[in-house]
Structures are given as C-alpha cells and as structure tokens.
Chemist: 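Just passing along the structure, written as structure tokens.
Model, not experiment: these values are computed from the prediction. One-based numbering along the sequence shown. Hydrogens, waters and symmetry mates are skipped; everything else that's a heavy atom, side chains included, is used.
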Amino acid sequence: LKKENIPSWFTVLVKEKGEVYGICVIGFKEDVPLYEEMRSTFDDFGKDVAVAIHVARQKEIQKEKMVGIEWSNQSLSVHSSVESVVKNIVERAGKGANAKVACVYFYSEAENNFVYQPPTYGEYDLPEKIFLRNKYRLKDHFPYLESAGGCELTFPLTVNLKTIGVIHLVGKQDHVAIFTEEDVAMLEDVSNHAATMIDNVRLYQNEIENQQKLHSLLDYQQSLVKETVEKESFEGITKTVSLLFSKSVIVFDRFMRPIAHHLFEQNEEYLELMIEQSTYFVFQRKQGFHTSVSPQLPLLVWPINSSGNLVGYLAIDIDDDQMDEFLRLSIDMALNIFSIQFIKQKLVFQAKEQVKDSYINRLLVKQLDNKEEIIQYANIFHWDLFLPHRVAVLKIKSNGLDERNVFNLRDNEVSSVKQIKNRLSSFDKDLIYATRGEELIIIVPVQNEGEQIRKYWENFYAYIENVFSDRTN
C-alpha cells in the first residue's frame, strides 16, 4: 500500500460463525477520513464476504461429491478384482487431497492386524502389517484418524458398523501444507463409497470361490462314490481324500488298526508317528468328536459312524486353525463315504459268509449231489479241495448263565461264534470256517499243521481261550 502511495485504507476481518477466512483490505488513492461509526458497516461487509466464500466452497465440495459419485458408479463393478478397485480408490483419494501417498489397509480378524493391500498411490515405504497388540483403538495406530491439521490423514472403511479397513494418506504435495477439513470431508465421501465397493467385490469373489470349491468337491465325491462301487478296499478312497486335502490320511478300524493310508509329501517315519499319536489319543481320551492330538503334530481324528455305531476312525495331518466351512463340509462328505464303504464291506462279508456256510453244509453230507458245482464254489474261495485237510468241530457252551433263560444263552453263543470267526484269520489265514447249526466247522490244510500236529491244535485252543478272555474283559 505504501509502495502504491495509498494514503488511507481500512482492513475488514472476513469471519463468519467463529471461522476466519482471511482479511480484506480496501484502500483509497486520495486521503479519505474514516469514521468510527462506519466500523459496523465494514464488519457486516466482512461477514457478507465470508458467507460468499463459504457458499462457494460448499459448492466446490458438492461438485467434488458429484464427481466422486460419478467416479464410484463408473468404478463399481463386482466383476472387478480387489486390486483394481483399490487402485481406483487410492488414486481418487490421493488426487482429491493432493497427497503424496494414498494406500489401503484391510483388517484381518483372524490375525488381529491390518494388512497392506497393494497398489499404492505414490511411492512410500509402508509397513506390510500393523499389529494391534491389545490396542484396539484405531487412534493408537493412526493418530490423525478423521482429524485435520496433520501431515497424515486416515479414515476407516466401515460396512454395517464393522471396520473392514482404512484409507491412509501421507503428506501433501506441498511440503508445508497440512490436511484440512475439506480433505477430511472428501476422504469421508471416498471411504463411504469405497467400503461398499470393496465389500461387494469381496463378497462376489468369495461366492465365485465357494462355487468353484463346491464343483471341485462334487467331482471328488463322484470319484469317491466310484471307488465304493468298483472296489471293496479303502485304498482308493483314502488316496482321493488325501489329494482333496493335500494332506496325509490314515483310516483305522474301530480297534485302531490301520487299514489304509496315503502319505502326502511325508515318509514312513511320519506314518508311524501319526499311527502312534492317533492310537494314544483315542484310547486315552475316547472323545466322540474330532480334536487335535498335540501341538507338535498337526493331526485331527474323527470317528466314523454307521447307523449310530462306531466302525472306525479317520486321521488327517491338519491343524484345527486351518479348518473352515469348506473343509468341514469336505470332512463330513469323506466320513459319509468311508461309512458307506464300511457298510458295503460288512454286507459283502455277510454275503460271503452265507454262501460259505451253505457251501460247507452241502459239502458235509454222505452223498454229494453235484461235485462240479462244489469245485466251482471252492475256486471262489481259493480253496484247493484236492489237498488233504483236517476238519475240527467247535461248539460253544455258556457257563455262568441262567439256563432257564433260553434267549440269553442263544444270544451269548451266537455272539461268541461271531467273535471267534472274526479272529480266526489272524491265527491262520488259510483256515476255512463256517457255521453249521450251533457248531463252528473249521477246516485246516494238513500242510499248515507242520510236523507237530498236536502243538498246532494246542496253540489253536489257547488262541480261542484268549479270544474269550478279551471278550470278557
């Protein structure tokens, strides 16, 4: 003013409702007297200017919001990837606030931390993870949360009152400048649209992944069902389940004897460890649900049930923390398939036993009706009839039971015969046995007796006694 030789001037504070927008200086080229009575008029003028600036800024903000809505509508697509959505968000936030750096962190509920989600607007050395460490206030980790006046600015991404992440700005392009209330308003608008966009994209991608997993699970289910139809063993089912989970799998019978296994990138020593740990756990705990064996060995054990009866166990080297809804569904499917195979094995065994009993009964008669048919049956059981055999007859007599209760006697004898039949093959795999009335017919190839025939049958009798002893205990 002095340089321009302005002889008189006055200054008006541009202020409205406590907010100062600046000052307005008005000068005169001629010397004009200024009266104190004009002060109120000048103050009103300052207020009018402040209102005009406020209205202009509000229009600018509204215009920015309209641009933001248009941007969000153009960018909002559930078919987009999370990375492309984040790229649009940080670019919009960075340019809108004239920031050096803009980035997004997603909250991981499982790990209880914030995880950096690329890409970033600008270049900055950002931490990959921000650990909460029992400090659950966002303000403790982001000091300028929803607050102007600093060199950083953060706004939460919230969906249904749940924080899914944050938008974080660092520094202004002008090194001296700080983030203003206008920047906060802009970032709030961006975060509101961004949270909805990200949540929709993640939900859509999760749905696509779940569909792909279900299709994969159906394919594996068809393979498992095919194994149950074509084969009687558990090897094929166990291998398919192992490939499904990419884990080592062992199947046990109800006595914890391994009947099938498939190792996934493991050696035989690991198999022995799995068997040992699974057996110890089942016999010590006897829990009726899946649970982890030990922290050192990531192993879960499930009971396999059929019609409410325990028929076996399934062990997989998987950690309980890795279990999700898809894995639980897959486990249930595998347990059902194994249960079906156990039922099928039982039915096949019962059918064979019935055929064998009928065959032995037809064989042990005075006069054979059809020798050719009997030889064909023998071939089915891999039995060489032309070798010498010895026949033994075993009859169970119940002691210690009330003989007046016929039903209890009969049930006990039938149960005893079943118990012996289930264990005979462990004594001699070449034994042929069948029931004939209340008697158990046992046929042994003579060559199996060896030179000490009496010793063979003494061992057999001792084995039967042990069977009864185990049953009683």
Chemist: Going through the distances and angles, do V251 and F338 end up as a side chain to side chain contact (heavy atoms under 4.5 Å, CB included)?
Modeler: CA-CA 9 Å; V251 180; F338 279 118; 3.3 Å; yes

Chemist: Please list every donor-acceptor pair under 3.5 Å in which a side-chain atom of residues 149-166 meets a protein atom from a residue at least two apart or in another chain.
Modeler:
| unit_1 | atom_1 | unit_2 | atom_2 | d |
| --- | --- | --- | --- | --- |
| T154 | OG1 | H168 | ND1 | 2.7 |

Chemist: Identify the two heavy atoms, one from V104 and one from I89, that lie closest to each other, and give their separation to 0.1 Å.
Modeler: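 Looking at all heavy atoms of both residues, the closest pair is CG2-CG2, 4.4 Å.
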
Chemist: When you measure from the side chain of D199 to the backbone N and O of A195, does any donor-acceptor pair fall under 3.5 Å?
Modeler: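 No, the answer is negative, given that no donor and acceptor are paired below the 3.5 Å cut-off.
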
Chemist: Could you measure the distance from the CD1 atom of I250 to the CD1 atom of I316? Nearest 0.5 Å is fine.
Modeler: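 Spacing of CD1 (I250) from CD1 (I316) equals 10.5 Å.
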
Chemist: Give me the atom names and distance for the closest heavy-atom approach of P119 to K87.
Modeler: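 In terms of heavy atoms, the two residues are closest at CG-CB, 3.6 Å.
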
Chemist: Please enumerate all residues that pass side chain to side chain donor-acceptor pair (under 3.5 Å) together with N448, with sequence neighbours excluded.
Modeler: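 Side chain to side chain donor-acceptor pair (under 3.5 Å) list for N448, sorted by chain: D428, D430.
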
Chemist: With a 4.5 Å heavy-atom cut-off, do V90 and I167 have their side chains touching?
Modeler: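 No, their side chains stay 4.5 Å or more apart.
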
Chemist: Once you measure the plane-to-plane angle for F234 and F342, does it fall in the parallel (<30°), tilted (30-60°) or perpendicular (>60°) bin?
Modeler: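 F234 and F342: tilted rings.
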
Chemist: With no hydrogens and no angle check, is any side-chain donor or acceptor of S278 less than 3.5 Å from a backbone partner on I275?
Modeler: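 Not a single qualifying donor-acceptor pair exists.
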
Chemist: Does V393 form a side chain to side chain contact (heavy atoms under 4.5 Å, CB included) with I441? I'd like the steps, not just the answer.
Modeler: CA-CA 5 Å; V393 179; I441 308 299; 4.0 Å; yes

Chemist: Looking at Y105 and P127, what are the two nearest heavy atoms and their distance?
Modeler: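 Heavy-atom minimum between the residues: OH-O, 2.8 Å.
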
Chemist: Taking the side chain as C-beta and beyond, is there a heavy-atom pair between V391 and I442 under 4.5 Å?
Modeler: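 Answer no - side chains too far apart.
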
Chemist: Could you go step by step and tell me if N112 and Y107 meet the side chain to side chain donor-acceptor pair (under 3.5 Å) rule?
Modeler: CA-CA 7 Å; N112 194 29; Y107 175 64; 3.1 Å; yes

Chemist: Side chains of R390 and P445: closer than 4.5 Å at any heavy-atom pair?
Modeler: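 Side-chain contact under 4.5 Å: no.
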
Chemist: Is the F427-F460 ring centre distance short of 6.0 angstrom?
Modeler: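 Centroid distance F427-F460: below 6.0 Å, so yes.
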
Chemist: Looking only at atom types and distance, does a side-chain atom of S330 sit under 3.5 Å from a main-chain N or O of R328, one as donor and one as acceptor?
Modeler: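 Checked: no pair found.
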
Chemist: Does H141 use its side chain to pair, donor to acceptor, with the backbone of K135 at less than 3.5 Å?
Modeler: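 Yes.
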
Chemist: Rounded to the nearest 0.5 Å, what separation is found between the OG atom of S108 and the NZ atom of K129?
Modeler: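 Between atom OG of S108 and atom NZ of K129 there are 7.5 Å.
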
Chemist: Counting C-beta onward and ignoring hydrogens, is there a side-chain heavy-atom pair between I337 and Q341 closer than 4.5 Å?
Modeler: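 Side chain of I337 against side chain of Q341, heavy atoms only: no contact under 4.5 Å found.
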
Chemist: Is a side-chain donor or acceptor of T238 paired with a backbone partner of A260 at a separation under 3.5 angstrom?
Modeler: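 The answer is no, because no donor-acceptor pair under 3.5 Å joins these two groups.
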
Chemist: Quick one: does H389's side chain have a donor or acceptor within less than 3.5 Å of a partner on L387's backbone?
Modeler: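 At least one qualifying donor-acceptor pair exists.
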
Chemist: Supply the atom-to-atom distance F142 CZ to R137 CZ, rounded to the nearest 0.5 angstrom.
Modeler: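 The distance works out to 13.5 Å.
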
Chemist: Could you tell me whether the side chain of M274 reaches within less than 4.5 Å of the side chain of L299, counting heavy atoms only?
Modeler: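 Answer yes - side chains close enough.
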
Chemist: What distance separates L300 CG from I331 CD1, expressed to the nearest 0.5 Å?
Modeler: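 One finds 7.5 Å between CG of L300 and CD1 of I331.
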
Chemist: I need the minimum non-hydrogen distance between N113 and I130, along with the two atoms involved.
Modeler: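 Closest heavy-atom pair between N113 and I130: CB-O, 3.3 Å.
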
Chemist: For D253 and Y313, work out which heavy atoms get closest and say how close.
Modeler: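 Closest pair (atom of D253, atom of Y313, distance): O-CD1, 3.8 Å.
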
Chemist: Evaluate the side chain to side chain contact (heavy atoms under 4.5 Å, CB included) criterion for residues M197 and V86: first the C-alpha distance (whole Å), next the side-chain angles of each, then the deciding distance (0.1 Å), finally the verdict.
Modeler: CA-CA 9 Å; M197 292 168 59; V86 169; over 6 Å; no

Chemist: I'd like to know if the side chain of S306 and the backbone of N309 have a donor-acceptor N/O pair within less than 3.5 Å.
Modeler: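 The answer is no, because no donor-acceptor pair under 3.5 Å joins these two groups.
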
Chemist: Using a 4.5 Å cut-off on heavy atoms from C-beta on, say whether the side chain of Y456 contacts that of V444.
Modeler: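 Answer yes - side chains close enough.
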
Chemist: Heavy atoms, side chains only, cut-off 4.5 Å: are Y144 and L169 in contact?
Modeler: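 Side chain of Y144 against side chain of L169, heavy atoms only: no contact under 4.5 Å found.
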
Chemist: Is the NZ atom of K100 crowded by more than 12 outside heavy atoms at less than 6.0 Å?
Modeler: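 Count over threshold, so yes.
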
Chemist: Under the side chain to side chain contact (heavy atoms under 4.5 Å, CB included) rule, what do D183 and L187 come out as? Steps first, then yes or no, please.
Modeler: CA-CA 6 Å; D183 297 328; L187 194 59; over 6 Å; no

Chemist: If you measure from NZ on K455 to CD on E449, what distance do you get to the nearest 0.5 Å?
Modeler: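 It comes to 14.5 Å.
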
Chemist: Quick check for you: to the nearest 0.5 Å, what is the distance between N305 atom CG and N336 atom CG?
Modeler: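 Reported value, rounded in 0.5 Å steps: 10.5 Å.
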
Chemist: Taking everything shown except K239 itself, do over 12 heavy atoms lie less than 6.0 Å from its NZ?
Modeler: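 No, because the 6.0 Å sphere around NZ of K239 holds 12 heavy atoms or fewer from other groups.
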
Chemist: So, do F106 and Y116 have ring centers that fall under 6.0 Å from each other?
Modeler: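 So the answer is no for these two rings.
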
Chemist: Compare every heavy atom of G171 with every heavy atom of F179, then report the nearest pair and how far apart it is.
Modeler: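 Scanning both residues completely, I find the closest heavy atoms to be CZ-O, 3.5 Å.
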
Chemist: Would a 4.5 Å heavy-atom cut-off, applied to side chains only, mark V82 and Q117 as touching?
Modeler: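 Yes, side chains in contact.
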
